[in-house]
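Within every chain, numbering begins at 1; the chains are lettered A, B, ... in the order of the sequence lines, protein sequences first and strands thereafter. These numbers come from the heavy atoms of this one structure, side chains and all, not from hydrogens, waters or symmetry mates.
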Amino acid sequence: MEIDRTSVQRALRRLRRTDLPIDTFAMARFLIGKVLVHDVRTCRLSARIVESEAYPVGDSAGHAFRGKTPRNASLFLEPGHAYVYRVYGSCFMLNVTSEPAGIGAGVLLRAAQPLDGIERMQRYRGTERLIDLARGPGRLAEAMAIDLKCDGLDLCARGSLWLADTGENADPVGASPRIGLNRERHRILRFYERGNPYVSGPKSLNQ
DNA sequence: AAGAAGATTCGCT
DNA sequence: GCGAATCTTCTTA
């Protein structure tokens, strides 16, 4: 039977820190099929994560590569914290930290399938098109009301921004080089749910 | 002090 | 497909 992913009657189990892998590669795969939830006032925004990118230790494209600074400090928190930064003047990127405290690494959330709060997301995004609400990291952040206020939040605390497991079986996960990078462009560090139309990037990367 | 680059998006051709 | 928008951070191109 087809699983209904549009119903608000959805079983969302809050992920605890002990549920998370303590490894950047494993975290990037693990997050595919999980749900990102942001409770803003009385409205719940939620979306199923369908695409991620790993920025592991030693990656010269990673923001932690040259050590800890005020901007990237959140990357050095325990696994399951949010690292949010602004790029190109107007876009926010949401990452989930993925290594033990003191080690800077994370996973970028690149695309998601909207579940709850779709009307609100449409307003934030300025478009009705479901497929475009969170397809791309900047769009995902805008749809989910993620900005610098979310930087450093613990996604495993009882806060408004959290991760959930639906209990559904994960679909097959594909891998490819990352998108939009010059450094380390050869590495296979992007993960996506195969065949999911909410995944971003060119078709050639989504086989 | 100034300039380039950047984990992107949107609108136009 | 291409280029502008937009602004913070890091480098000295």
*Look at all strands and tell whether A:R71 reaches a base, only sugar-phosphate, or nothing, counting heavy atoms closer than 4.0 Å.*
sugar-phosphate
_Base, sugar-phosphate or nothing for A:N182? Non-hydrogen atoms, less than 4.0 Å._
sugar-phosphate
*asked:* For a quick test of reading the model: is some side-chain N or O of A:R139 closer than 4.0 Å to OP1 or OP2 of B:dC10?
replied: yes
Over how many whole Å does the gap from [X] atom [atom1] to [N] atom [atom2] extend?
X: A:L148; N: C:dC7; atom1: CG; atom2: P; answer: 12 Å
X: A:E51; N: B:dA7; atom1: CD; atom2: P; answer: 16 Å
X: A:R129; N: B:dT9; atom1: CZ; atom2: C1'; answer: 15 Å
X: A:R135; N: B:dC10; atom1: CZ; atom2: P; answer: 9 Å
X: A:R86; N: C:dC10; atom1: CZ; atom2: P; answer: 15 Å
X: A:Y124; N: B:dT9; atom1: OH; atom2: P; answer: 19 Å
X: A:K68; N: C:dC10; atom1: NZ; atom2: C1'; answer: 19 Å
X: A:F65; N: B:dG6; atom1: CZ; atom2: C1'; answer: 17 Å

*A:R125, nearest nucleotide to its side chain (from C:dT8, B:dC10, B:dA7)*: B:dC10
*Which nucleotide, B:dG6, B:dT9, C:dC10, lies nearest any side-chain atom of A:T69?*
C:dC10
Separation of the [atom1] atoms in [N] and [M], to the nearest angstrom:
N: B:dA7; M: C:dG1; atom1: P; result: 23 Å
N: C:dG3; M: C:dC7; atom1: P; result: 22 Å
N: C:dA4; M: B:dA4; atom1: P; result: 14 Å
N: B:dT13; M: C:dT6; atom1: C1'; result: 23 Å

_Could you walk me through whether A:E53 and A:Y55 satisfy the side chain to side chain donor-acceptor pair (under 3.5 Å) test, starting with their C-alpha distance in whole Å, then the side-chain angles of each, then the deciding distance to 0.1 Å, before giving a yes or no?_
CA-CA 7 Å; A:E53 279 179 356; A:Y55 288 83; 2.8 Å; yes
*Is A:R178 salt-bridged to A:D59, going by a charged N under 4.0 Å from an acidic O?*
yes
*Across all strands shown, which nucleotide pairs with C:dT6 by Watson-Crick or G-U wobble geometry, both distances under 3.5 Å?*
none
*What is the base-pairing partner of B:dA7, counting Watson-Crick and G-U wobble geometry with both distances under 3.5 Å?*
none
*Less than 6.0 Å separating the ring centroids of A:H63 and A:Y85?*
yes
*More 5' along DNA chain B: A:R183 or A:D132, using each one's nearest nucleotide?*
A:R183
*Name the one of A:V84, A:L45, A:I146 that satisfies side-chain contact (heavy atoms from CB on, under 4.5 Å) with A:L161?*
A:I146
*Is a side-chain donor-acceptor pair under 3.5 Å present for A:W162 with A:D39?*
yes
_Check: A:Y88 side chain, C:dA5 base, donor-acceptor under 3.5 Å_ = no
_Among A:R190, A:E51, A:R194, side chain to side chain donor-acceptor pair (under 3.5 Å) partner for A:N206_ = A:R190
